[in-house]
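Notes follow once the structure below has been shown.
What you see is a predicted model, and the numbers here were worked out from it, not measured in a lab. In what follows, every heavy atom counts, from backbone to side chain, and hydrogens, waters and symmetry copies are set aside.
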Amino acid sequence: MNIAAYAKPAGSTSAGREAFAVLPIIILILAQMGATGDNGALSLATSALTHELGATTSDIQLANMVYPLVGGAFMIAGGLAGTIVGWKKTFRLGTLLCAAGEVALAFAPNMMVFIWVGRVLVGFGASFMIPSVLGLIPLLYRGANRAVAFGCIGAASGLSAVLPLILGVVMETAGMHVTFLVLGAYFAAVFLFSLSLPKNNQADEKLKFDVVGVVLAASGLFLFLIGISGISSWGLISPLKTCPFTIFGISPALPLAACGLVVLGVLVHVEKHVEQKNGISLLPSSFLTTPQVRAGLVANALTFFFMGAQSILMSPYLQLVAGWTPIDVGTISIVTGVPTFALALGIPKFMPHAHPRRVIQVGYVAMALALGIMAAAVTRDGCSRAGVYLGAFMAGVGAGTVSSHASNIVALALPEREASQSGGIQTTMRNVGQAVGVALLGAILLFGISNSVHTQAAADPTISPEVSREVSALSIDLGSDREFESQIAGIKMTDAERRALVRDQADARFESVRIAYAVGAAIVLLGLATTPAIKTVEKTKESAA
């Protein structure tokens, strides 16, 4: 059968069911895989960043945060830009920015450049590329084909599981710098492939770009996310030594997050008037007033919250504590990726009449169960390999199940133009979810370890008050017993005190990781409260016309 026939966009057939356009979805899948692969490469580079660039756990947390921070701040703007100038243009711009960002990561001389140049460029590129992926689907596909296309994009996260394994081999043999150069070449190739995307029926409307909305959204999201991300390194209330400044004597983390929420509240009020005046706005009212859209946005956020939990809890623990290599961690991505791919693509394809509400409910329970299994797999000095693989498999089951319908239920509840524009708000929610997952669970992990060690050292009769006071001034990173011994090597103490501190640190590490997993599972289960709003399973002929 001629593949070219499948490269036609929706609406190209004159009768019967439309042929599914294969070539466009392959290009969009490659873009989605690249974005997921970039995050995977960062997880694999934990050890390399620590040893080559002197990264701390807080640095690695910030590097994980900056991508969703920048992406989350500008994703909605990317969605509006695609609506006005065309999705193919913003798609190509995004791939080029991502390629430039990967090159910057490869040649970064220190963590400052790595985070604030490389990661910022990749995040900014994703803010154009990923909304364009979701924006093109409603224009290229209709009906059942659209559900399958959205399922394919969800499956891309599973298919991208191949990339960490490949990148792990590259990192083991050629190093971190070559690995990021390979990713740069990958995004450049996606740009070249995008030149073959077919024409679509995007309306040629003379619309105004909502500058005020973009400024408010970007500043509000940035303040909120930078505040949340700063909790672990600045302090929740009392400022830590690494806090750059204070606000009325307290850590700026919560005040900045609160200011961000206030700005976002102003954005909602302003956008109502912009929409009435211009006919289009950065944040159409239907995004907030339609219950099913809200439920779909929560599903997008929780899926990536779950992925953020894995990136800050699983990968660093396996490499820094259990001693797994990048290739070992890469094999986990395969175990997660296979069920993610199979379910995200298979549910809409082979179970077209399954109600999205039930599907997403099952996915939430599976994700919470996965986090519970991962918590049970943690041991004092490592992990149960069987438990890690079982948890990783269940993670794929949960993520794939939710991804199969998360984007489509948003599109089903909106008019055509807003369904296409919703790619920006959907990807913003994904980035916000991932950022909150990394920041919140990372803070629970790091605060838990430090506070527990400080408390136990003060209560332990074998540790002198002088040693306890010096230990209380340390901010203790996630790491192995040997790394902790290196951290306290400058403190004068007896061998008995050293052994007691190492034991206390191992206990604190063990308990804090398990508590962080439990909190993550509880937050995922809260998503069940939004699922009764999922009612629309297909558009009427009038709304689809």
Side-chain angles (χ1 to χ4, degrees), residues 23-49 52-53 63-64 66-68 70-71 78 88-111 113-133 136 152-153 155-197 311 315 325-327 329-331 333-334 337 341:
L23 183 58
I25 201 63
I26 289 175
I27 296 170
L28 301 182
I29 284 174
L30 289 174
Q32 183 68 48
M33 286 177 61
T36 308
D38 170 79
N39 287 314
L42 183 61
S43 296
L44 295 173
T46 298
S47 294
L49 291 172
E52 294 185 36
L53 300 184
N64 273 293
V66 164
Y67 174 93
V70 176
K88 288 195 288 186
K89 292 179 181 177
T90 52
F91 180 83
R92 290 165 185 160
L93 174 61
T95 57
L96 290 177
L97 287 171
C98 286
E102 299 296 348
V103 172
L105 292 173
F107 292 107
N110 51 53
M111 285 303 294
V113 175
F114 187 93
I115 293 171
W116 297 110
V117 177
R119 294 299 288 167
V120 166
L121 275 174
V122 175
F124 199 54
S127 69
F128 287 100
M129 183 179 70
I130 302 304
S132 302
V133 169
L136 283 165
C152 287
I153 298 303
S157 297
L159 193 60
S160 63
V162 178
L163 289 179
L165 184 58
I166 296 172
L167 294 173
V169 174
V170 174
M171 196 167 291
E172 282 282 295
T173 56
M176 174 183 70
H177 306 287
V178 173
T179 303
F180 286 114
L181 282 177
V182 168
L183 276 171
Y186 179 96
F187 282 114
V190 174
F191 168 78
L192 294 176
F193 294 151
S194 72
L195 300 177
S196 63
L197 282 172
S311 70
S315 295
T325 67
I327 293 178
V329 177
T331 60
S333 65
I334 296 292
F341 176 80

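Environment of CZ in Phe193: sparse, with no more than 12 heavy atoms of neighbouring residues, nucleotides or ligands closer than 6.0 Å.
Note: His177 NE2 to Thr179 OG1 = 9.5 Å, rounded to the nearest 0.5 Å. For the atom pair Leu197 CG and Ile27 CD1, the distance stands at 4.0 Å (nearest 0.5 Å). Between the CZ atom in Arg92 and the CG atom in Leu96 there is a gap of 10.0 Å [rounded to 0.5 Å]. Rounded to the nearest 0.5 Å, atoms OG1 (Thr95) and CZ (Phe128) are 12.0 Å apart. Atoms OH and CG, from Tyr186 and Asp38 in turn, are 11.5 Å apart once rounded to the nearest 0.5 Å. For the atom pair CE of Met129 and OG1 of Thr90, the computed distance is 11.0 Å after rounding to the nearest 0.5 Å.
In terms of heavy-atom proximity, Ala99 sits nearest to Gly184 at CB-O, 3.6 Å. Between Ala31 and Val133, the closest heavy-atom pair is CB-CG2, 4.0 Å. Gly123 approaches Val70 most closely through the heavy-atom pair C-CG1, 3.9 Å. Heavy-atom minimum distance, Gly101 versus Leu121: CA-CB, 3.5 Å. A pairwise comparison of heavy atoms in Cys98 and Ala126 identifies SG-N, 3.7 Å as the closest pair. Minimum heavy-atom separation, Val117 to Ala104: CG1-CB, 4.0 Å.
Leu42 is listed as a side-chain neighbour of Leu49, based on a closest heavy-atom distance under 4.5 Å. Between Phe107 and Leu181 there is a side-chain heavy-atom pair separated by less than 4.5 Å. Leu23 places a side-chain heavy atom less than 4.5 Å from the side chain of Ser196. Looking only at side-chain heavy atoms (C-beta outward), Ile25 and Ile153 come within less than 4.5 Å of each other. Leu105 has its side chain out of reach of Leu183: every pair of non-hydrogen atoms, C-beta onward, lies at least 4.5 Å apart. For the pair Phe187 and Leu97, the minimum side-chain heavy-atom distance is 4.5 Å or more.
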Kindly list each side-chain donor-acceptor pair under 3.5 angstrom involving residues 164-173, sequence neighbours excluded, with atom names and distances?
| residue | atom | partner | partner atom | Å |
| --- | --- | --- | --- | --- |
| Thr173 | OG1 | Val169 | O | 2.8 |
| Thr173 | OG1 | Val170 | O | 3.3 |

